Amino acid sequence: MSTALVTSHDWKCLAGECRIQAWPSLHEMSQVISQRADLAEIVQILLHIMEKYMCVVRGTVSLCDRNAGTIYIHESFGLTEEQEARGIYRFGEGITGKVVESGETMILQRIGDDKDFLNLTRTRTDQDDDLSFICVPIKRGNKVLGTISVERIYDNDVLLNLDVELIGIVATMMAQAVELYLVENVDKASLLSENQRLQDALKERYRPSNIIGNCKSMREVYNLIEKVAKTKTTILILGESGVGKELVASAIHYSGFNPNGPFVQFNCAALPENLIESELFGHEKGSFTGATNFRKGRFEEADGGTIFLDEVGELPLAAQAKLLRVLQEKTLERVGTNKPIKVDIRIVAATNRNLEEMVANREFREDLYYRLNVFPMTIPPLRERGADIIALADYFVARYAKQNGKDVKRISTPALNMLMSYHWPGNVRELENVIERATILSEGGVIHGYDLPPSLQTPVLSGTAQKGAFDARMAAYGYEMIVDALKTQDGNMTEAARELGLPRRVLGLRMKEYGMNYKDYRIIDKSKE
């Protein structure tokens, strides 16, 4: 008698059931694993073994989604689709969660006696209390990928232990196929989902509706963005420094023909002349001293998307000639080679300089200027945007209050007047810096005039224009107190003076100095008009 037959006889004798009949199916599973690692086919063979040879009432194969921190039923026997959908566990939750967390097999002799059996699938009834439950981890090295679980009644421990060993062998056999499946499906899907989330966040951040402001000139800008975004037309963004040209360029890309393509930004004034060509067009190894490796340039990195050339007026003439070729032929040559490289890109350029004057002074190539100036867009300076100043200020207050952990709810009226009266040579960038500073200095949840820099206080307080920073700050503080008192007392100077602890005559002198009129602070009852 062969060893196999003896073993079969011993198993049948001691266990009461023969497992040798499952061997052909196990052999078939090993063939599938060695040839194509098809998890779907492997699982179907396993479920067949459970149903036909192991007399299992219910069996499941569960997989781990580590990005979500959950374990879900991948395939099952004896469960409906609705019951499968409910079988989702967190790591450490229930028997399945504990097996994944510990990496160790767990056995319940009797389900009805164990409180850790959660029955999330809602399959258990009173008749199931005598069922045993076996849960074996599917491991690849020290990493737990999922579990195999079975439920059935066992008359003796020998058969139970035999099935634990058999399921353990199957779990080891299928571990590699499970890992490949998770990488190709669950992990890849999670990465794609995260990538899409980041793309959506970028679109949300840069879409035109999120460029703060609704004045007429900005609405015209939004209209131009909407019309040109879906094309590959070269765009030239004009405007003073700090108006937000890079934000407009981003909005064009993320609203454009390929928002998932690369968006590459390059500041033409950021590098010395001898490095700009290499940075923009790339270089071959050994093309110049220090070029120890081949490198792609910014244009190649932007292939399939958009390149934003900020401060394009600062480009040296040699780089301008190469840029002209890219615009004309959509090809470039790396430094150190004559081999042309084709690129599919949209070029968005920006400058705060007068390119027409530069062309007249031979500081900028005329042919390049006309190539760039296909679709010009001018971004208005902040001083011409009226009430947008307040909208932008409120936006920056909310951002920096959250960022710095400050409870700032509003900007006081005098401070708003100062913001509106200032000429903003640094445009939106300067406003952002001013509000960030004021948010840090503010107390009591309000940004007051004295929280703003002295340069903003002098336009309102004309009498302090020639004073130093300390005097200007003190004048702003006094101005703020008078405004608050007049508003509280409905423009009544006598009551306002009493609140401030000043003689009425002194209050009048201060108001005259600040150019204030008590009538401006009276609340008009419209019902009496």
Side-chain angles (χ1 to χ4, degrees), residues 15 17 19 39 42-43 46-47 49-51 53-175 177-179 181-182 186:
E17 296 178 19
R19 292 288 180 259
L39 183 62
I42 293 168
V43 169
L46 172 59
L47 295 177
I49 292 172
M50 288 180 177
E51 180 182 6
Y53 301 116
M54 296 177 65
C55 304
V56 169
V57 176
R58 284 181 289 271
T60 62
V61 175
S62 298
L63 302 182
C64 298
D65 183 347
R66 295 202 168 270
N67 292 297
T70 58
I71 308 138
Y72 64 95
I73 295 177
H74 176 67
E75 289 286 350
S76 72
F77 164 73
L79 278 74
T80 65
E81 288 187 9
E82 185 179 351
Q83 289 168 340
E84 274 189 11
R86 288 196 289 259
I88 299 176
Y89 302 83
R90 296 198 173 276
F91 293 177
E93 181 182 33
I95 301 298
T96 303
K98 291 183 188 303
V99 169
V100 169
E101 194 171 61
S102 67
E104 301 292 335
T105 297
M106 290 188 70
I107 304 167
L108 302 184
Q109 295 281 4
R110 188 173 181 276
I111 288 175
D113 296 336
D114 201 298
K115 62 181 181 184
D116 286 332
F117 189 81
L118 300 180
N119 192 33
L120 292 184
T121 57
R122 300 179 200 163
T123 54
R124 174 186 164 190
T125 63
D126 292 339
Q127 288 75 28
D128 294 330
D129 282 353
D130 291 330
L131 292 175
S132 297
F133 183 76
I134 302 170
C135 189
V136 177
I138 304 171
K139 296 172 67 175
R140 180 84 166 153
N142 293 323
K143 185 179 180 181
V144 180
L145 307 171
T147 65
I148 302 173
S149 304
V150 298
E151 296 176 49
R152 64 155 284 176
I153 293 176
Y154 285 97
D155 295 328
N156 60 73
D157 291 342
V158 174
L159 182 60
L160 186 148
N161 292 328
L162 179 63
D163 280 357
V164 170
E165 290 182 14
L166 178 61
I167 298 167
I169 291 169
V170 172
T172 302
M173 290 171 61
M174 65 190 295
V178 171
E179 184 175 46
Y181 176 86
L182 290 174
V186 178

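Small disclaimer: the values here were computed from a predicted structure and weren't measured.
- The shortest distance between side-chain heavy atoms of R58 and L131 falls below 4.5 Å.
- Of all the heavy atoms in T147 and C135, the pair that sits closest is CB-SG, 3.7 Å.
- Of all heavy-atom pairs between A171 and I138, the closest is O-CG2, 3.7 Å.
- The nearest pair of heavy atoms linking V56 to F77 is O-CE2, 3.0 Å.
- Shown here is R110, whose CZ atom has more than 12 heavy atoms of other residues, nucleotides or ligands within 6.0 Å.
- By the 4.5 Å heavy-atom criterion applied to side chains, P137 and T105 are counted as neighbours.
- We find the CD1-CG distance between I153 and D130 to be 5.5 Å, quoted to the nearest 0.5 Å.
- Here H74 contributes atom NE2 and C64 contributes atom SG; the two are 12.5 Å apart, rounded to the nearest 0.5 Å.
- Atom CG of L182 is separated from atom CG of D65 by 8.5 Å, given to the nearest 0.5 angstrom.
- Atoms CD1 and OH, from I107 and Y154 in turn, are 9.0 Å apart once rounded to the nearest 0.5 Å.
- The side-chain contact (heavy atoms from CB on, under 4.5 Å) test with E75 singles out one residue from T60, L39, V43, and that residue is V43.
- Across all their heavy atoms, G59 and L47 have their closest contact at O-CD2, 4.3 Å.
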Any chance you could lay out the side chain to side chain contact (heavy atoms under 4.5 Å, CB included) test for L160 and Q109, step after step, and finish with the verdict?
CA-CA 9 Å; L160 186 148; Q109 295 281 4; 3.8 Å; yes
Please test K143 against R66 for side chain to side chain contact (heavy atoms under 4.5 Å, CB included), starting from the C-alpha separation and ending with a verdict.
CA-CA 11 Å; K143 185 179 180 181; R66 295 202 168 270; 4.3 Å; yes
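- M50 CE to S149 OG: the interatomic distance, rounded to the nearest 0.5 Å, is 7.5 Å.
- In this structure, the side chain of R86 engages the main chain of T121 through a donor-acceptor pair within 3.5 Å.
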In sequence, state the C-alpha distance, the side-chain angles, and the governing distance for L46 and V61, and then conclude on side chain to side chain contact (heavy atoms under 4.5 Å, CB included).
CA-CA 9 Å; L46 172 59; V61 175; 3.7 Å; yes
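- Side-chain contact between I88 and L120: absent, with no pair of heavy atoms (C-beta onward) separated by less than 4.5 Å.
- Remark: the backbone N or O of E179 is not paired with any side-chain donor or acceptor of R140 at under 3.5 angstrom.
- Between the CD1 atom in I95 and the CE atom in M106 there is a gap of 4.0 Å [rounded to 0.5 Å].
- Of all non-hydrogen atoms in G103 and V144, the two that sit nearest each other are CA-CG2, 3.7 Å.
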